[in-house]
Amino acid sequence: MTKKYITTAIPYVNGKPHIGHAIDYCLADVCARYYRACGDSVKLQVGTDEHGNKIAQKAKELNVPVQEYVDENAANFRSFIKKLNVSYTDFVRTTDKKHEQRVKEIWQKLSGHIYKAEYEGWYCVGCERYITEKECQENGGICPDHQKPYEKLKEENYYYRVADFKEQIRDAIEEDEILILPDFRKKEMMRLLEETPDVSISRPTSQLTWGVPVPGDESQVMYVWMDALANYITVLGYPEKDISGWWPATAQFVGKDILRFHAILWPALLLGLGLPLPKTIVSHGMVLADGQKMSKSIGNVVEPLEVIDKYGLEAFRYYFLRHVDTFADADFTWDKYDDAYNNELANDLGNLVQRLATLASKNDIRINTGTSIAIYSEEYDDLMREYKFSKAFDLVWVKIQGLNKRIDEEKPWNLAKEGEIAKLYTCMCGLIKDLLQANHELAPFLPETAEKIQNVFAGDKIQPPKTPLFPKH
RNA sequence: CGUGGGGUAGAGCAGCCUGGUAGCUCGUUUGGCUCAUAACCAAAAGGUCGUUGGUUCAAAUCCAACCCCCACAACCA
């Protein structure tokens with residue numbers, strides 16, 4: 001039995017869960033379920049990122065204490081994750097006292113690579129943030145949101161000297177010691193590594209207070225990445241516990257927009273701590289709404305809960321795990337979602353279960369379920385281990401569609417009419433066993449459906465489900 | 001000259017690395033079947049593979065230039 005540690009990106013809880021979070025969770029969950037089915041012991045981390053100005057501001061607007069605000073949002077995310085049927089084992093919050101304590105210790109361990117420096121740049125009082133030189137020029141030195149001129153401000157920050165580890169990280173990525181998927185993202189990271197500016201990891205308390213204080217300097221608070229990235233190991237109990245049983249992570253799932261922090265800064269932090277590097281970082285794409293990026297200003301945001309409500313969770317997982325390519329961006333439209341549900345879940349799979357179960361029931365066919373052990377096809381295993389989940393899912397579907405074709409070719413109803421009992425039995429058992437085989441491969445993606453199918457055919461007497469698996473709408 | 005991805009039938013995509021009669025799913029049309037959720041199976045129609053030029057007996061596939069779309073560019077997956 002091998003141990004596998006799988007992680008998800010922890011969302012910033014200043015808003016509602018969206019489709020992107022769901023993708024991250026679902027991919028990690030498929031991975032976890034797959035490895036568990038292979039007999040591995042799996043830890044799956046999820047969590048929430050709860051510090052920072054935006055959250056503090058939001059709480060202020062709502063006139064509630066910050067802690068109360070983040071408690072509520074963290075709970076919100078937790079119930080979302082549960083709704084997605086994500087088989088997580090650990091939930092970490094960056095406001096956990098233990099996490100905060102551990103991050104401080106981590107900071108101290110890294111002190112040899114941390115230095116203090118002055119930052120100078122254009123600052124907008126209204127936005128309460130620094131903007132780039134380029135943005136300043138484009139706006140003619142005046143903030144378009146606040147109609148105020150930018151001010152030149154200076155502040156002191158702590159920086160992490162990423163450059164100390166540049167060579168090591170480059171080699172690790174190059175040699176796939178950290179396997180970055182997909183390959184074109186690896187290339188992108190290699191390019192990006194050529195310029196590795198040191199990363200600002202703190203803010204003065206004059207600007208930010210809702211965060212973990214920097215040990216030994218009350219005037220500074222840790223900035224997002226140090227705090228957030230550390231969650232992957234603080235949740236395991238680092239530094240006071242020996243985490244070598246679980247760390248390095250088998251796979252870390254992240255959105256492509258935060259890949260750079262996971263592929264460069266995060267390894268730099270780990271190397272600074274003398275910890276091994278994660279084995280794989282899987283960067284998934286974004287979900288577009290009708291070809292456009294979802295955004296609040298365009299108003300085309302698709303609410304995941306709304307999608308789940310339409311046909312249930314299994315349909316949601318189906319669409320986003322199969323029709324959204326694991327690595328590339330993909331599109332969501334309600335029309336496509338309806339088509340996928342009706343043509344594929346209802347017609348292909350639901351109907352297949354219905355017709356096979358009815359045939360078995362009418363002819364009193366039973367099957368010895370002991371013969372249906374979860375053995376994955378080599379092709380499926382390969383795809384799953386390369387994290388090509390949507391491709392693996394396609395493969396499962398080819399099997400399901402193939403079964404519909406075989407039923408038509410073998411015509412078991414004719415065998416029944418002609419009284420060919422032995423042939424009928426062989427035929428039906430073959431079909432059912434192959435369905436259960438495909439069902440095992442389906443299980444990491446659609447766990448509830450797979451269980452239902454197993455129950456339909458595994459009982460003493462095979463009966464079609466009282467209500468179809470995926471009723472048509 | 002920021003970085004990366006993409007432009008192939010009405011739609012969504014595969015093929016490109018390792019050149020050799022252009023493939024899949026949905027949709028459309030027609031036929032078949034009846035175990036099944038009017039589901040299933042089969043067949044047909046539909047493409048000058050972004051543009052131009054080059055290499056080659058042969059290019060969607062290799063090379064060059066150009067056009068167009070998208071994402072990322074120190075915190076909104």
Side-chain angles (χ1 to χ4, degrees), chain A residues 8-15 17-25 27 49 51-55 129-130 132 134-135 182-192 194-195 197-201 223-225 227-228 253-261 264-265 283-288 291-296 323 325 327-331 333 335-336 339-340 342-363 391 394 397-398 401 403-417 428 431 464-465 467-473:
Chain A
T8 60
I10 57 173
Y12 195 59
V13 295
N14 65 339
H18 52 63
I19 297 276
H21 300 126
I23 294 277
D24 205 56
Y25 295 134
L27 291 174
D49 178 14
H51 287 127
N53 258 341
K54 284 191 182 169
I55 282 176
R129 71 180 182 107
Y130 283 91
T132 59
K134 196 178 166 189
E135 194 180 344
D183 194 56
F184 63 79
R185 293 285 170 219
K186 168 182 168 179
K187 282 186 206 148
E188 195 178 0
M189 291 305 120
M190 292 295 288
R191 279 285 176 87
L192 215 57
E194 286 167 21
E195 310 156 23
D198 292 344
V199 177
S200 162
I201 52 168
Y223 190 52
V224 57
W225 292 110
D227 182 21
F253 289 85
V254 300
K256 66 178 182 184
D257 55 333
I258 54 169
L259 174 62
R260 60 187 56 204
F261 303 106
I264 298 171
L265 176 59
S283 155
H284 61 254
M286 307 283 220
V287 177
L288 309 175
Q292 272 186 315
K293 185 177 175 172
M294 290 187 202
S295 88
K296 284 177 190 165
H323 290 299
D325 183 275
F327 304 120
D329 291 354
D331 200 29
T333 66
D335 277 352
K336 285 182 188 176
D339 282 348
N342 286 313
N343 295 333
E344 296 162 20
L345 283 173
N347 294 350
D348 290 344
L349 179 58
N351 184 51
L352 171 66
V353 168
Q354 207 71 21
R355 65 198 298 214
L356 262 187
T358 307
L359 277 166
S361 165
K362 283 187 180 169
N363 297 293
K391 292 269 192 300
D394 280 342
W397 220 259
V398 167
Q401 288 173 320
L403 280 165
N404 272 321
K405 186 183 289 196
R406 253 177 67 200
I407 296 178
D408 270 60
E409 283 165 1
E410 297 180 13
K411 300 182 177 37
W413 54 89
N414 276 353
L415 296 175
K417 272 184 209 159
M428 286 299 295
L431 290 165
T467 52
L469 250 39
F470 299 101
K472 287 198 88 161
H473 290 258

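All heavy atoms count here, side chains included; hydrogens, waters and symmetry mates do not. Below, chain A is the first sequence line, B the second, and so on; all start at residue 1. Keep in mind that what you see is a predicted model, and the values were worked out from it rather than measured.
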Side-chain N or O of A:Lys472 less than 4.0 angstrom from OP1 or OP2 on B:A39? yes
Rounded distance (nearest 0.5 Å) linking atom CG of A:Leu415 with atom CG of A:Leu359: 10.0 Å
So what does A:Asn404 touch, heavy atoms closer than 4.0 Å: a base, only the sugar-phosphate, or nothing? sugar-phosphate
Nearest-Å distance, OH (A:Tyr12) to C1' (B:A74)? 14 Å
A:Arg185 CZ to B:U3 P, straight-line distance once rounded to whole Å: 15 Å
So what does A:Lys411 hit on the nucleic acid, given a heavy-atom distance under 4.0 Å: a base, only sugar-phosphate, or nothing? nothing
From A:Leu403 CG over to A:Glu410 CD, what is the distance, rounded to the nearest 0.5 angstrom? 9.5 Å
Nearest whole Å is fine: how far is B:C76 C1' from A:Asp49 CG? 11 Å
What are the two closest non-hydrogen atoms of A:Leu265 and A:Trp225, and how far apart are they? CD2-CB, 3.5 Å
Distance check: side-chain N/O of A:Arg191 vs OP1/OP2 of B:G4, anything under 4.0 Å? yes
Could you state the NZ-P distance from A:Lys187 to B:C17, rounded to the nearest angstrom? 14 Å
Base, sugar-phosphate, or nothing: which does A:Gly20 touch, judged by heavy atoms less than 4.0 Å apart? base
Report the residue (A:Ala346 or A:Val254) whose heavy-atom-nearest nucleotide on RNA chain B is the more 5′ of the two. A:Ala346
Where each residue is assigned the nucleotide of RNA chain B containing its nearest heavy atom, which of A:Trp413 and A:Pro11 is assigned the position nearer the 5′ end? A:Trp413
Taken to the nearest whole Å, CG/A:Asp183 to C1'/B:C17 is 11 Å
Take the protein atom CD1 of A:Ile201 and the nucleotide atom C1' of B:A74, then report the distance between them rounded to whole Å. 13 Å
Are A:His284 and A:Asp24 linked by a side-chain donor-acceptor pair shorter than 3.5 Å? yes
Does a nitrogen or oxygen in the side chain of A:Lys362 sit under 4.0 Å from OP1 or OP2 of B:A36? yes
Can you find a side chain N or O atom of A:Lys405 that sits less than 4.0 Å from OP1 or OP2 on B:A42? yes
Is there a side-chain polar atom (N or O) of A:Asn347 under 4.0 Å from OP1 or OP2 of B:C40? yes
Minimum-distance pair of heavy atoms, taken over all atoms of A:Asp348 and A:Trp397: OD2-NE1, 3.0 Å
Looking only at side-chain N and O atoms, does A:Lys391 come under 4.0 Å of OP1 or OP2 in B:A14? no
Strictly below 4.0 Å, N to O, side chains only: are A:Lys293 and A:Asp329 in salt-bridge contact? no
Considering Watson-Crick and G-U wobble pairs with both distances under 3.5 Å, what does B:C66 pair with? B:G50
Go along nucleotides 22-29 of chain B 5' to 3' and tag each nucleotide: B for a protein heavy atom under 4.0 Å from its base, S when only backbone or sugar atoms are that close, - otherwise. ----SS--
Can you tell me the Watson-Crick or wobble partner of B:G10, both distances under 3.5 angstrom? B:C26
In Watson-Crick or G-U wobble terms, both distances under 3.5 Å, what is the partner of B:A39? none
Do A:Arg355 and A:Ile407 have side chains that get closer than 4.5 Å, going by heavy atoms? yes
Give one of base, sugar-phosphate or nothing for A:Gly285, where a contact means two heavy atoms less than 4.0 Å apart. base
Testing the basics here: between A:Ser283 and A:Pro182, what is the closest heavy-atom pair and its distance to 0.1 Å? O-CD, 3.5 Å
How long is the line joining CG of A:Leu431 and P of B:C35, in whole Å? 15 Å
Under 4.0 Å between any heavy atoms, over every strand shown, what does A:Pro468 touch: base, sugar-phosphate, or nothing? Just pick one. base
Mate of B:G19 where both pairing distances stay under 3.5 Å, Watson-Crick or G-U: none
Atom-to-atom span, CG of A:Leu356 to C1' of B:A39 - whole angstrom: 13 Å
Across all strands shown, which nucleotide pairs with B:U3 by Watson-Crick or G-U wobble geometry, both distances under 3.5 Å? B:A71
Using a 4.0 Å heavy-atom cut-off, does A:Val353 contact any base of the nucleic acid, only the sugar-phosphate backbone, or nothing at all? nothing
I need the A:Glu188 CD to A:Lys256 NZ distance, nearest 0.5 Å. 9.0 Å
Need one value for A:Lys54: base, sugar-phosphate or nothing, where a base atom within 4.0 Å counts as base even if backbone is also close, heavy atoms only. nothing
